[in-house]
Amino acid sequence: MARKPEGPLRRGWTTGACATAATKAAYTALLTGAFPDPVSIRLPKGEAPAFVLAREQLADGWAMAGIVKDAGDDPDVTHGATVIATVRRGVAGSGVTFRAGAGVGTVTLPGLPIPPDQPAINPVPRRMMTEIVAEVAVAHGDLGDVEIEVSIPGGEALAAKTWNPRLGIVGGLSILGTTGVVVPFSCASWIHSIHRGIDVARAAGLDRVVGCTGSTTEALVMQRYSLPDIAYLDMGDFAGGLLKYLRAHPVPNLTLAGGFGKFSKLAQGHLDLHSGRSQVDLDWLADQLVDLGGDAGLAAATRSANTAAEVLSRAADAGLPLAGRVAALARATALEALRGAPVAVEVLVVDRQGVVVGEAGG
């Protein structure tokens with residue numbers, strides 16, 4: 001995960017906001033022969049940003065406008081990508097229809113907000129684009145029957161760095177955004193992907209999903225269970241984002257797999273496992289070792305240890321099941337977050353070599 005820079009952070013704009021602004025510019029040009037540049041739109045919460053056009057083209061029956069996405073200070077994979085809207089006249093009475101151009105994906109699995117065989121343009125961006133078409137149509141005396149094709153050059157390669165392939169979105173990126181605004185380091189898109197992954201797993205009828213903190217833990221669980229790719233959720237540091245969504249959208253079985261340090265934080269009740277928002281508590285680990293029968297010397301060494309891995313190694317040398325204690329307490333935190341939802345929880349604590357050193361609830 002990218003490191004958060006110091007000082008005030010600059011907000012950015014979602015792909016949905018960029019597509020809406022590009023749609024307004026293209027449709028206006030189609031009706032008037034001139035592209036508004038910059039082009040302004042109103043977002044769902046009232047902001048009215050203006051976007052400079054990076055591309056424009058007008059031909060018989062269609063117009064195209066492109067905007068370079070600025071994600072602000074957020075480490076967004078689509079920062080710097082060009083979002084293009086090509087607006088064509090539609091059949092009378094057809095209203096607004098959508099098409100996936102190059103670099104924009106198509107949905108192939110059920111469970112997402114958009115049904116299979118449809119362009120991966122989410123509901124809020126669709127609504128924003130439909131509303132902007134209606135606004136321009138009224139202003140210029142048109143009926144608003146148009147096809148909007150959204151494309152992102154290079155989007156298919158960028159999509160390989162996202163969850164889209166695992167979610168069954170093929171051919172490119174999704175057009176996302178609920179507010180139009182990218183809040184730096186809110187990690188909203190990551191948590192959104194976790195939620196959509198759960199939706200896809202539920203729609204497929206899976207009885208187990210797996211939340212992993214990284215690729216090492218995911219590889220280990222893949223050896224333990226024969227599950228389809230859609231069962232694996234790249235939880236990262238967002239245990240809370242996964243558990244709170246499962247509370248309302250349960251799957252019968254959940255396996256949580258993560259490193260000793262991160263899961264020691266989960267064991268203490270932290271649902272955000274990022275090092276910038278929760279820390280490994282060496283005093284707490286020392287208290288756990290004492291409770292397990294460790295002596296004062298081990299406790300003192302734990303309190304002054306450099307890393308959680310060092311603590312785990314000392315506990316193993318002393319024959320104390322610290323990782324098992326962490327697994328049990330992490331499971332208790334997960335169950336508390338689920339608040340009685342019908343989800344059986346298994347927790348696997350993994351060392352740096354990818355070996356399970358503690359487990360609970362299996």
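Sequence positions, counted from 1, serve as the residue numbers for this chain. All values derive from a computational prediction rather than experimental measurement.
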Participant: side-chain contact (heavy atoms from CB on, under 4.5 Å) for F260 and V280? Distances and angles first, verdict last.
Facilitator: CA-CA 10 Å; F260 174 76; V280 174; over 6 Å; no
Participant: For the side chain of K69 and the backbone of G80, is there at least one donor-acceptor N/O pair under 3.5 Å apart?
Facilitator: no
Participant: Is there a donor-acceptor pair closer than 3.5 Å between any side-chain N or O of D237 and the backbone N or O of D272?
Facilitator: no
Participant: Please check if the number of heavy atoms outside R352 that lie under 6.0 Å from its CZ is greater than 12.
Facilitator: no
Participant: Main chain of L158, side chain of T162: is a donor-acceptor contact present, judged purely on distance under 3.5 Å?
Facilitator: no
Participant: Counting only N and O atoms by type, is there a donor-acceptor contact under 3.5 Å from the side chain of S313 to the main-chain atoms of E310?
Facilitator: no
Participant: How long is the gap from OG1 on T86 to OH on Y27, to the nearest 0.5 Å?
Facilitator: 15.5 Å
Participant: Can you name the nearest heavy-atom pair linking A330 to L266, along with the distance?
Facilitator: CB-CD2, 3.8 Å
Participant: As a quick check of understanding, evaluate side-chain contact (heavy atoms from CB on, under 4.5 Å) for L348 and L256, giving each step before the final call.
Facilitator: CA-CA 6 Å; L348 306 177; L256 295 175; over 6 Å; no
Participant: Flag yes if more than 12 heavy atoms outside R88 fall under 6.0 Å of its CZ atom; otherwise flag no.
Facilitator: yes
Participant: Could you give all pairs that pass the side-chain hydrogen bond (donor to acceptor under 3.5 Å, both in side chains) test and reach residues 283-296, with sequence neighbours left out?
Facilitator: D283-R303, D287-R303, Q288-R325, D291-R325
Participant: Between D199 and R196, is the salt bridge (Lys or Arg N to Asp or Glu O under 4.0 Å) condition met? List the steps.
Facilitator: CA-CA 5 Å; D199 292 341; R196 299 294 76 79; 2.9 Å; yes
Participant: Nearest 0.5 Å, what's the CD1-CZ distance between I84 and R55?
Facilitator: 4.0 Å
Participant: Which atom pair, heavy atoms only, marks the closest approach of L298 to A318?
Facilitator: CD2-CB, 4.0 Å
Participant: Between V290 and A299, what is the shortest heavy-atom contact and its length?
Facilitator: CG2-CB, 3.7 Å
Participant: Could you walk me through whether F51 and C18 satisfy the side-chain contact (heavy atoms from CB on, under 4.5 Å) test, starting with their C-alpha distance in whole Å, then the side-chain angles of each, then the deciding distance to 0.1 Å, before giving a yes or no?
Facilitator: CA-CA 8 Å; F51 299 82; C18 295; 4.2 Å; yes
Participant: Do NZ/NE/NH1/NH2 and the carboxylate oxygens of D317 and R314 come within less than 4.0 Å?
Facilitator: no
Participant: In terms of hydrophobic clustering (I, L, V, M, F, W, Y; side-chain heavy atoms under 4.5 Å; direct or indirect links), are L176 and L112 co-clustered?
Facilitator: no
Participant: Which heavy atom in T106 sits nearest to a heavy atom in A100, and how many Å separate them?
Facilitator: OG1-CB, 4.1 Å
Participant: Are V39 and L43 connected in the hydrophobic side-chain network, where two residues link if heavy atoms are under 4.5 Å apart?
Facilitator: yes
Participant: Give a yes or no on this: more than 12 heavy atoms of other residues, nucleotides or ligands lie within 6.0 Å of atom CD of E336.
Facilitator: no
Participant: Which atom pair, heavy atoms only, marks the closest approach of P250 to R247?
Facilitator: CD-O, 4.4 Å
Participant: Any chance you could measure D60, atom CG, to R89, atom CZ, to the nearest 0.5 Å?
Facilitator: 9.5 Å
Participant: Are F98 and T130 side-chain neighbours, meaning at least one heavy-atom pair lies under 4.5 Å?
Facilitator: yes
Participant: So, are R331 and E359 salt-bridged, with charged N and O less than 4.0 Å apart?
Facilitator: no
Participant: Would V311 end up clustered with L329 when hydrophobic side chains under 4.5 Å apart are linked, directly or stepwise?
Facilitator: yes
Participant: Evaluate E131 against R42 for salt bridge (Lys or Arg N to Asp or Glu O under 4.0 Å), listing each step before the verdict.
Facilitator: CA-CA 10 Å; E131 290 174 351; R42 188 163 297 279; over 6 Å; no
Participant: Do V133 and T23 touch side chain to side chain, with heavy atoms closer than 4.5 Å?
Facilitator: yes
Participant: Show, in sequence, the C-alpha distance, side-chain angles and deciding distance for L167 and I230, and conclude whether the side-chain contact (heavy atoms from CB on, under 4.5 Å) test is met.
Facilitator: CA-CA 7 Å; L167 292 173; I230 58 173; over 6 Å; no
Participant: Indicate yes or no: at least one non-hydrogen side-chain atom of V345 is less than 4.5 angstrom from one of L338.
Facilitator: yes
Participant: Determine the sole option in I41, T20, V96 for which the side chain to side chain contact (heavy atoms under 4.5 Å, CB included) test with M129 is passed.
Facilitator: T20
Participant: Is there side-chain contact between L58 and F35, with at least one heavy-atom pair below 4.5 Å?
Facilitator: yes
Participant: Please check if the side chain of D207 supplies one atom and the backbone of P252 the other of a donor-acceptor pair under 3.5 Å.
Facilitator: no
Participant: Which pair of non-hydrogen atoms, one from L282 and one from A305, has the smallest distance, and what is that distance?
Facilitator: CD1-O, 3.3 Å
Participant: Could you check whether N164 and S174, counting side-chain N and O atoms only, form a donor-acceptor pair closer than 3.5 Å?
Facilitator: yes
Participant: When the ring planes of W190 and F238 are compared, do they come out parallel, tilted or perpendicular, using 30° and 60° as the limits?
Facilitator: perpendicular
Participant: State plainly whether one hydrophobic cluster holds both V83 and M64, where clusters connect Ile, Leu, Val, Met, Phe, Trp and Tyr through side-chain heavy atoms under 4.5 angstrom apart.
Facilitator: no
Participant: Let me confirm one number: the OG1-CG distance from T78 to L173, rounded to the nearest 0.5 Å.
Facilitator: 7.0 Å
Participant: For L53, is there any backbone N or O sitting under 3.5 Å from a side-chain donor or acceptor partner on D37?
Facilitator: yes
Participant: Using side-chain heavy atoms (C-beta onward) and a distance below 4.5 Å, is F263 in contact with L273?
Facilitator: yes
Participant: For residues P228 and L206, determine if any side-chain heavy atom of one lies less than 4.5 Å from a side-chain heavy atom of the other.
Facilitator: yes
Participant: Mind checking whether W13 and P49 have side chains closer than 4.5 Å, heavy atoms only?
Facilitator: yes
Participant: Taking side chain as C-beta onward, heavy atoms only, is H270 less than 4.5 Å from S264?
Facilitator: no
Participant: Would you check, one step at a time, whether the test side chain to side chain donor-acceptor pair (under 3.5 Å) holds for T97 with E147?
Facilitator: CA-CA 5 Å; T97 59; E147 176 194 78; 4.8 Å; no
Participant: Would you verify whether the NZ or CZ of R208 falls within 45 degrees of the ring axis of Y225 while also being under 6.0 Å from that six-membered ring's centre?
Facilitator: yes
Participant: So, N122 side chain and P125 main chain: donor-acceptor pair closer than 3.5 Å or not?
Facilitator: no
Participant: Does a donor on one side chain sit under 3.5 Å from an acceptor on the other, for K262 and T213?
Facilitator: no
Participant: Find the distance between CG (L246) and NZ (K244) and round it off to the nearest 0.5 Å.
Facilitator: 13.0 Å
Participant: Salt bridge or not between E218 and R224? Use side-chain N to carboxylate O under 4.0 Å.
Facilitator: no
Participant: In terms of side-chain geometry, is the basic nitrogen of K24 or E135 positioned less than 4.0 Å from the acidic oxygen of its partner?
Facilitator: yes
Participant: Quick one: pull up CG in D117 and OG1 in T108 and give me the separation to the nearest 0.5 Å.
Facilitator: 8.5 Å
Participant: Should V326 and L220 be counted in the same cluster of Ile, Leu, Val, Met, Phe, Trp and Tyr side chains packed under 4.5 Å apart?
Facilitator: no
